[in-house]
Amino acid sequence: MAVDILIGLQWGDEGKGKIVDVLAPTYDIVARFQGGPNAGHTLEFEGTKHVLHQIPSGIFHPSIQNIIGNGVVLDPIVFRIEMQKLQDRGVDATQNLFISKKAALILPSHKLLDKVSEEALGKGKIGSTLKGIGPTYQDKIGRVGLRVGDILADDFKERYEKLLDRHRKTVEFYGHTLELGEQEQAFFDAVDYLRTLKLVDSEYMINNALKNGKRILAEGAQGSLLDVDFGTYPYVTSSTTLVAGACTGLGVAPRHIGEVYGIFKAYCTRVGSGPFPTELLDEVGEQIRQAGREFGSTTGRPRRCGWVDLPSLKYSIMLNGVTQLNMMKADVLTDFDVIKVCTHYRLPSGEITDQLPHSLEEEGIEPIYQELPGWRVDLNQIEAVEALPEAFNKYMSFLEEQLQVPITIASVGPDRKSTLRRENVKVV
Ligand code: GDP
Ligand code: IMO
Ligand code: MG
């Protein structure tokens, strides 16, 4: 058996949580492989909305094992609150949740470091979620970080103090003092709670499951354009958000990768700083923001909105080896007579290209649009692919032809049920 992977193709918030929840019943295991509480994955069913940050989106299915993999950076405080919220809604995740002993620990001081380092960047700030992601990955790569398995050691407190000492010096370098207040006690209480859960060698768990013919779905976080290598650097997150991240973040060999679901919105959004060629700074952007309820699931910040961008989608598809596309939120575009699709960029040199230049930050990259007729039908009311309006089918066929990958799922609303599966799609 293989590991299937679901990856965001834009700047995050494509709707990964929803689709993982929809696909989950056909899998035995759902696993997160990178990122941490910077993620906010929304699921809606039976009239209730749930937002998950670190817990995989298969958690609402008690028969599915959910794994927080070694590539994740885990904040015990946020995690404990997430578990409590699930408990309040009648979901006991203690039995079907497994946490890698190799996952990195986010300390309260990492969050403070995130804050002071962002402040120091001034106008050039990344727009981080301030959840301590960057500083925790820095410590991991710097080989000084703490991992979940360390909380089982007798000298955990001493190891913590040693790392805190380093952080104190760095915070002082930024002209601040390290004061953690109640956060420190909350951290140790949350660590005590974490010790009571299933802390595992998840690489063995996953590879044994593969040997035994189990089906595994790896749930990406963030999006390909936020990848630390290939994203719009430096305005990116600090992990490998691509398929490659699932290999290192779970301990899965490349030859075990199966389907790659590439998920994108029928338009495009971004939250935080950084280039966004098709961004709409006018009332059209505002209309999309309101219709799509485009406000961050983690920070509540308004998301920047724009038209769909094919050069960047082609790039993400190439980097991830996408085999199936999932198109989300087309219902948001109901009120538009004309839908624009960016097919190429005009570079400052005058060159027209459908490839991403080294830096999208360069002044004067101009999107070239093709206009397609809108469908003017509320897609959310549609329950079968056969009933989809012609103009919408043409929009999908156009994207498939350009991207050379079939759209196998079209999502037309936030609810689990508003999901249309397209069988036997042929790409021309
Ligand atoms: P994720 O981070 O990729 O899991 O995405 P988020 O949960 O951050 O953001 C996606 C938002 O769009 C959430 O509020 C979802 O409930 C919502 N959503 C998902 N699919 C659809 C859809 O097809 N139509 C509409 N209108 N909303 C959707
Ligand atoms: P999901 O999984 C959208 C963005 C932040 C910021 C940059 C760096 O819900 O799609 P970080 O906190 O990682 O240092 O922030 O990345 N960002 C996201 N944007 N969705 C996410 O996750 C994101 N996770 C990080 O806004 O621009
Ligand atoms: Mg999100």
Side-chain angles (χ1 to χ4, degrees), residues 32 35-41 50-56 59-60 66-116 128-140 144-168 170-171 176-202 221 297-300:
R32 277 277 308 268
N38 49 350
H41 294 183
H50 306 269
V51 182
L52 296 168
H53 299 286
Q54 307 180 104
I55 297 175
I59 202 69
F60 294 96
N66 288 269
I67 298 178
I68 297 178
N70 58 280
V72 170
V73 285
L74 185 81
D75 182 333
I77 301 177
V78 177
F79 173 75
R80 193 181 180 196
I81 296 168
E82 266 192 275
M83 289 293 278
Q84 186 59 52
K85 277 194 180 150
L86 286 173
Q87 189 81 53
D88 293 346
R89 292 177 172 189
V91 179
D92 174 16
T94 56
Q95 297 311 305
N96 64 334
L97 181 65
F98 301 81
I99 304 157
S100 168
K101 287 186 195 162
K102 293 191 173 71
L105 279 179
I106 301 179
L107 274 44
S109 44
H110 283 127
K111 287 179 268 191
L112 182 61
L113 283 171
D114 218 355
K115 186 165 167 273
V116 296
S128 161
T129 59
L130 304 180
K131 302 290 176 189
I133 308 296
T136 307
Y137 276 119
Q138 263 175 279
D139 278 352
K140 170 177 169 169
V144 294
L146 293 174
R147 309 203 284 185
V148 167
D150 294 333
I151 68 174
L152 303 173
D154 292 337
D155 64 345
F156 175 64
K157 191 83 204 280
E158 286 94 89
R159 295 189 203 186
Y160 168 88
E161 291 295 343
K162 203 168 154 199
L163 186 53
L164 200 67
D165 251 353
R166 291 177 71 101
H167 290 172
R168 186 172 289 112
T170 317
V171 169
H176 293 268
T177 47
L178 188 123
E179 277 164 29
L180 300 173
E182 289 168 1
Q183 284 279 304
E184 200 157 40
Q185 191 53 48
F187 174 77
F188 281 104
D189 289 348
V191 162
D192 285 343
Y193 172 69
L194 201 53
R195 271 195 208 100
T196 66
L197 298 180
K198 293 179 174 169
L199 311 182
V200 298
D201 295 314
S202 59
S297 326
T298 297
T299 56

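All values below come from the heavy atoms of this structure, side chains included, with hydrogens, waters and symmetry mates left out.
- Atom-to-atom distance recorded for Gln183:CD and Leu112:CG is 9.5 Å, nearest 0.5 angstrom.
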Solution key, residues 97-104 side-chain donor-acceptor pairs under 3.5 Å, sequence neighbours excluded:
residue, atom, partner, partner atom, Å
Ser100, OG, Lys102, N, 2.9
Lys102, NZ, Glu203, OE2, 2.6

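- Considering all non-hydrogen atoms of both residues, Asp150 and Gly145 come closest at OD2-O, 4.3 Å.
- By the ring pair (Phe, Tyr, Trp, His ring centres under 6.0 Å) test, Phe188 pairs with Tyr160, sequence neighbours left out.
- Around the CD atom of Glu161, the shell of radius 6.0 Å holds more than 12 heavy atoms that belong to other residues, nucleotides or ligands.
- In terms of heavy-atom proximity, Leu130 sits nearest to Ser128 at N-OG, 2.8 Å.
- Between the Glu82 side chain and the His53 main chain, a donor and an acceptor come within less than 3.5 Å of each other.
- Within the 4.5 Å cutoff, no side-chain heavy atoms of Lys131 are placed close to those of Asp75.
- Looking at heavy atoms from C-beta onward, Ile106 lies out of side-chain contact with Phe79 at the 4.5 angstrom threshold.
- Taking the side chain as every heavy atom from C-beta outward, Gln84 and Asp88 approach each other to under 4.5 Å.
- You'll find the side chain of Met83 reaches within 4.5 Å of the side chain of Leu197, heavy atoms only.
- Among the candidates Asp139, Thr136, Leu107, Thr170, the single residue satisfying the side chain to side chain contact (heavy atoms under 4.5 Å, CB included) test with Leu113 is Thr170.
- Between Glu184 and Leu164, the closest side-chain pair of non-hydrogen atoms falls below 4.5 Å.
- Looking only at side-chain heavy atoms (C-beta outward), Arg80 and Asp189 come within less than 4.5 Å of each other.
- The neighbour count for Lys162 NZ, taken as heavy atoms of other residues, nucleotides or ligands under 6.0 Å away, does not exceed 12.
- Applying the salt bridge (Lys or Arg N to Asp or Glu O under 4.0 Å) criterion to Asp201, with sequence neighbours excluded, gives no partner residue.
- The minimum heavy-atom distance between His167 and Ser109, with the atom names listed, is ND1-OG, 2.8 Å.
- Nearest heavy-atom pair across Arg32 and Ala221 is NH2-CB, 3.6 Å.
- When Leu74, Asn70, Val72 are each tested for a side chain to side chain contact (heavy atoms under 4.5 Å, CB included) with Val148, only one passes: Leu74.
- Contact annotation: the side chain of Phe187 never approaches that of Leu180 to less than 4.5 Å [non-hydrogen atoms, C-beta and beyond].
- Considering NE2 of His50 and NE2 of His41, their distance stands at 15.5 Å, rounded to 0.5 Å.
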Assess the residue pair Asn96 and Ile59 against the criterion (side chain to side chain contact (heavy atoms under 4.5 Å, CB included)); give the C-alpha distance rounded to whole Å, side-chain angles, the decisive distance to 0.1 Å, and a yes or no. CA-CA 7 Å; Asn96 64 334; Ile59 202 69; 3.7 Å; yes

Show your working on salt bridge (charged side-chain N to carboxylate O under 4.0 Å, His left out) between Lys111 and Asp114 and close with a plain yes or no. CA-CA 5 Å; Lys111 287 179 268 191; Asp114 218 355; over 6 Å; no

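- In this structure, the side chain of Tyr193 does not engage the main chain of Ile77 through any donor-acceptor pair within 3.5 Å.
- In plain terms, the two heavy atoms of Pro76 and Ala190 that are nearest each other are O-CB, 3.4 Å.
- The environment of Arg168 atom CZ is dense: over 12 non-hydrogen atoms of other residues, nucleotides or ligands sit within 6.0 angstrom.
- Across every non-hydrogen atom of Thr298 and Ala39, the tightest pair is OG1-O, 3.1 Å.
- The line from NE2 of His110 to CD of Gln138 is 8.5 Å long, rounded to the nearest 0.5 Å.
- Between the side chain of Arg195 and the backbone N or O of Ile151, at least one donor-acceptor pair lies under 3.5 Å.
- Here the side chain of Asn38 pairs no donor or acceptor atom with the backbone of Thr129 at under 3.5 angstrom.
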